[in-house]
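The figures here come from the full heavy-atom set of this structure, side chains too, leaving out hydrogens, waters and symmetry mates.
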Amino acid sequence: MICSSGFWRRHIRVSTICSFSALLLVLLNNTTFAADVDYVVQQARCAAKPCLHISVSFTSSGDGETLVRLPGDYAGSVGAELGVRELRAIGTASIVRAGSGDIKVAAKTGDRVTLHYALTPPETRDASSMLAGVYLPAIDTARARLLGWTAFVIPMLSPSTTRTASMTFRAADGAALTAYSNLGALGSVVEFAWHPMTIGTSVVLLGDYVSHAPSLGGGTRDSNRATLVVSGNEPARRDFKALAQDLMAVHGAIAQYWGSASTDVPLVYFGEIRDSSSSLKGSAFGAAFLTFATADRPRDGLTYLWMHELNHAWLPRKMLRQYGRRGADLYWFSEGFTEYVTHCLLEDGGFRAPGHLARELREAQKRLAAVTTPQPYLTLVQRFHSDQAAYKQVYDRGFLLAAVWDAEIRRGSAGVRSLRDALRSLVSDGAENRTVLDASTLEPVMTRAGVANFSQDVRRYVDQGNVPDLPTTLAH
């Protein structure tokens, strides 16, 4: 076994010291590589603290060098790369170069390459319970919560219909360990088609997590189910059984709005955060959702959060092919229009009292009117993940534009059509072949639906931040 020559990349140490040698020999000698890319994730201790030992094996690229992406920050989290320790190549392979967020691994073409590293939790105490750290690896002796982009080394092998991948989960003693993930069914091993983005957007909940999974309307079909997963040590003051029922009601309302039940089984993680800047946080990763709230946030706040995040499984995910691109230039649509759908469904589904949507729109209008010097949209987008005021303006600009267009479509069609018809057509008409979702995609769809001045409206209300007048009536 040969370790790579030592160097430092920021705080990631690639070391000649083979402190994990015995473990690596056990892993390699007892692992049969059934897939083209194999991960093994094992609980361990590093300097008397809980950590994970992670290995990934793959076949070297045809040019003899394979580009490998290292864990990095996501959506305002800071310090993901600091948790990667003792990264090394095993066998005859060597790490030949460190770049910005990536390395290259040299090996003979066709050789099996294995990389190994230790993943430690953030150095800052309780960083993963703060808003700025919720996407960083959260690791303790009983459990671990991982987001692929911030936890896994990813060989940038091209996706292929025949290239396979697997991930195996083990306890510290080598015994099989069950994990929830969006990679496959609950279990100690998951197998899936290879794509670098699949690893990047993976969510893994390893260890003693507790699930709550009631069925919608008493049904048993997977398409009618959603799973709420919480840590084994979450505070007992929350009624998670009742929250799981709320989640199912949200799931059902969303399926009805979009016109069909998804084949995905939503996996929703909930954890408490301690942060003064925001009381709610959530992100969607395919059919997995990471959601967080402060202890003082009431039950109806979680209903709103889940309604918004689960709608992202449709808007924008089902509006373009798997791993298609939706750029930052479309946050006003993907977030603002999701916000509009969210508040419509909260009112229509009885989660909020009549008039809720109108009240939320008026509040958004007031917030934007209070901005004395509106900044260009692209300036706000640059601070979207780091400045709450910036991302709220992006939400509000899209939220109000959705209301304007919904009213315009209804007026032009004498109430026969609405914004929902335009959004559903983005899902049903050619989404499986759409590689990019941008303004040029949206314009013909909205124009056919009855929006007369798409480009002008986007320029005025999104790019420039002018505040539109609200429709006198809001039918939804």
Side-chain angles (χ1 to χ4, degrees), residues 74-77 131 134-135 145 147-149 180-182 200-205 211-213 216 225-230 238 240 243-258 261-262 264-273 275 278-294 297-320 326 330-349 351-352 360 384-385 388 391-392 394-396 398-399 402 423 427 437:
Y74 173 80
S77 64
L131 188 60
V134 294
Y135 299 114
R145 186 186 76 242
L147 169 63
W149 277 317
Y180 295 89
S181 79
N182 57 352
T201 58
S202 64
V203 171
V204 173
L205 307 171
S211 67
H212 305 269
L216 178 65
R225 295 179 65 83
T227 301
L228 174 63
V229 180
V230 298
R238 291 190 187 271
F240 288 112
L243 287 174
Q245 294 290 346
D246 291 347
L247 176 61
M248 288 309 307
V250 165
H251 181 44
I254 291 170
Q256 185 176 10
Y257 179 89
W258 291 101
S262 172
D264 295 328
V265 182
L267 176 67
V268 181
Y269 168 83
F270 171 76
E272 284 198 350
I273 53 174
D275 200 291
S278 178
S279 60
L280 290 175
K281 180 72 172 180
S283 289
F285 303 95
F289 306 86
L290 296 179
T291 61
F292 307 87
T294 52
R297 192 73 191 208
R299 178 176 171 181
D300 64 351
L302 295 183
T303 306
Y304 156 75
L305 177 63
W306 291 335
M307 187 71 82
H308 181 97
E309 294 305 331
L310 268 66
N311 262 302
H312 278 315
W314 299 88
L315 196 169
R317 184 184 175 221
K318 291 189 183 299
M319 294 178 176
L320 67 172
R326 186 272 303 150
L330 219 61
Y331 275 136
W332 62 269
F333 174 73
S334 61
E335 296 297 348
F337 278 53
T338 297
E339 191 77 343
Y340 185 74
V341 173
T342 293
H343 289 298
C344 286
L345 290 180
L346 287 173
E347 181 174 337
D348 289 350
F351 300 95
R352 299 290 190 275
E360 291 295 325
F384 185 80
H385 291 301
Q388 186 180 12
Y391 91 75
K392 193 61 180 174
V394 171
Y395 269 60
D396 286 344
F399 182 32
L423 296 177
V427 171
L437 186 68

Nearest-0.5 Å distance, NE2 of residue His251 to CG of residue Leu228: 13.0 Å

Step-by-step side-chain contact (heavy atoms from CB on, under 4.5 Å) determination, Phe270 to Leu243: CA-CA 10 Å; Phe270 171 76; Leu243 287 174; 5.6 Å; no

Pairwise side-chain contact, Leu310 with Val268, heavy-atom cut-off 4.5 Å (strictly under): yes

Set of residues satisfying ring-ring contact (aromatic ring centres under 6.0 Å, His included) with respect to Phe333, sequence neighbours excluded: Phe337

side-chain hydrogen bond (donor to acceptor under 3.5 Å, both in side chains) partners of Tyr180, counting only residues at least two apart: Ser211

Worked verdict on Trp314 versus Tyr257 for side-chain contact (heavy atoms from CB on, under 4.5 Å): CA-CA 10 Å; Trp314 299 88; Tyr257 179 89; over 6 Å; no

Nearest-0.5 Å distance that lies between atom CD1 in Ile254 and atom CD in Glu309: 10.0 Å

Residue from Glu339, Glu360, Arg352 passing side chain to side chain donor-acceptor pair (under 3.5 Å) with Tyr304: Glu339

Note, Arg238 side chain near Leu302 side chain (heavy atom, < 4.5 Å): yes

Trp258 side chain near Asn311 side chain, heavy-atom distance below 4.5 Å: yes

Set of residues satisfying ring-ring contact (aromatic ring centres under 6.0 Å, His included) with respect to Phe351, sequence neighbours excluded: none

Ser181: side chain to side chain contact (heavy atoms under 4.5 Å, CB included) partners, not counting sequence neighbours: Leu183, Val190, Val204

Gly200 to Leu147 - nearest heavy-atom pair and separation: O-CD1, 4.1 Å

Nearest-0.5 Å distance, CZ of residue Phe240 to CD of residue Gln245: 14.5 Å

Gap between atom OH of Tyr391 and atom OG of Ser278 - 0.5 Å precision: 4.5 Å

Parallel, tilted or perpendicular: rings of His312 and His308 (30°, 60°): perpendicular

Non-hydrogen atoms of Arg326 and Pro316 that approach each other most closely: NE-CG, 4.0 Å

Residues that Thr294 engages under side-chain hydrogen bond (donor to acceptor under 3.5 Å, both in side chains), provided they are two or more places apart: Asp296

Side-chain heavy atoms of Leu330 within contact of Leu437, under 4.5 Å: yes

With Phe285 via ring-ring contact (aromatic ring centres under 6.0 Å, His included) - residues at least two apart: Tyr74

Contact check, side chains of Ser202 and Asn182, non-hydrogen atoms, under 4.5 Å: yes

Chi angles and distances behind the side-chain contact (heavy atoms from CB on, under 4.5 Å) call for Tyr340, Tyr395: CA-CA 9 Å; Tyr340 185 74; Tyr395 269 60; over 6 Å; no

Any Thr342 side-chain heavy atom under 4.5 Å of Thr338 side chain: yes

Residue pair Phe292 / Tyr269, side-chain heavy-atom distance below 4.5 Å: yes

Set of residues satisfying side-chain hydrogen bond (donor to acceptor under 3.5 Å, both in side chains) with respect to Thr201, sequence neighbours excluded: none

Contact summary for Ala287 and Arg317, nearest pair of heavy atoms: N-NH1, 3.9 Å

With Ala313 via side chain to side chain contact (heavy atoms under 4.5 Å, CB included) - residues at least two apart: Phe289

Nearest heavy atoms of Lys281 and Ala75, plus distance in Å: NZ-O, 4.3 Å

Partner residues of Asp246 under the salt bridge (charged side-chain N to carboxylate O under 4.0 Å, His left out) criterion, sequence neighbours left out: Arg299

Heavy-atom closest pair, residues Ala253 and Met307: CB-CE, 4.3 Å

pair Leu423-Met319: side-chain heavy atoms closer than 4.5 Å: yes

Nearest heavy-atom neighbours spanning Leu280 and Ala293: CD2-CB, 3.7 Å

Which residues share a ring-ring contact (aromatic ring centres under 6.0 Å, His included) with Phe399, sequence neighbours left out: His343

All side-chain hydrogen bond (donor to acceptor under 3.5 Å, both in side chains) counterparts of Thr291, not counting sequence neighbours: Trp306

